[in-house]
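Because the structure is a prediction, the values reported are computed rather than measured.
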Amino acid sequence: MAQNNKATQTPKANPAGSFSMRMGSTTYIIGVHFSTESKDTLEDKMKRLMRDDVKADNF
């Protein structure tokens, strides 16, 4: 009986606050961190980033 010599890898679970992304033959594990002391919501941050970007393009 022929035996498969390829190593089989079981996918590992990513830690909380991270995700994986594969580009070509490389898999990247991306960690995400949110401050527990921040008072801004994600929407507030995105609006501020867009507003700052628009201001920077106007000069």
- Kindly write out the residues that satisfy side-chain hydrogen bond (donor to acceptor under 3.5 Å, both in side chains) with Ser38, not counting sequence neighbours, or none if the list is empty. none
- Query: For the hydrophobic clusters of this structure (ILVMFWY residues joined by side-chain heavy atoms under 4.5 Å, transitively), does one cluster hold both Tyr28 and Phe19?
  - Reply: yes
- Task: Could you tell me the separation between the CG atom of Asp52 and the NZ atom of Lys47, rounded to the nearest 0.5 Å?
- Result: 14.0 Å
- Arg48/Asp40 salt bridge by N-O under 4.0 Å criterion: yes
- Before giving the answer on side chain to side chain contact (heavy atoms under 4.5 Å, CB included), spell out for Met21 and Thr27 the whole-Å C-alpha distance, their side-chain angles and the decisive distance to 0.1 Å. CA-CA 6 Å; Met21 181 177 197; Thr27 301; over 6 Å; no
- Give a yes or no on whether Leu42 and Met50 share a hydrophobic cluster (residues Ile, Leu, Val, Met, Phe, Trp, Tyr; joining criterion: side-chain heavy atoms under 4.5 Å apart). yes
- What are the two closest non-hydrogen atoms of Gly31 and Ser18, and how far apart are they? CA-CB, 3.9 Å
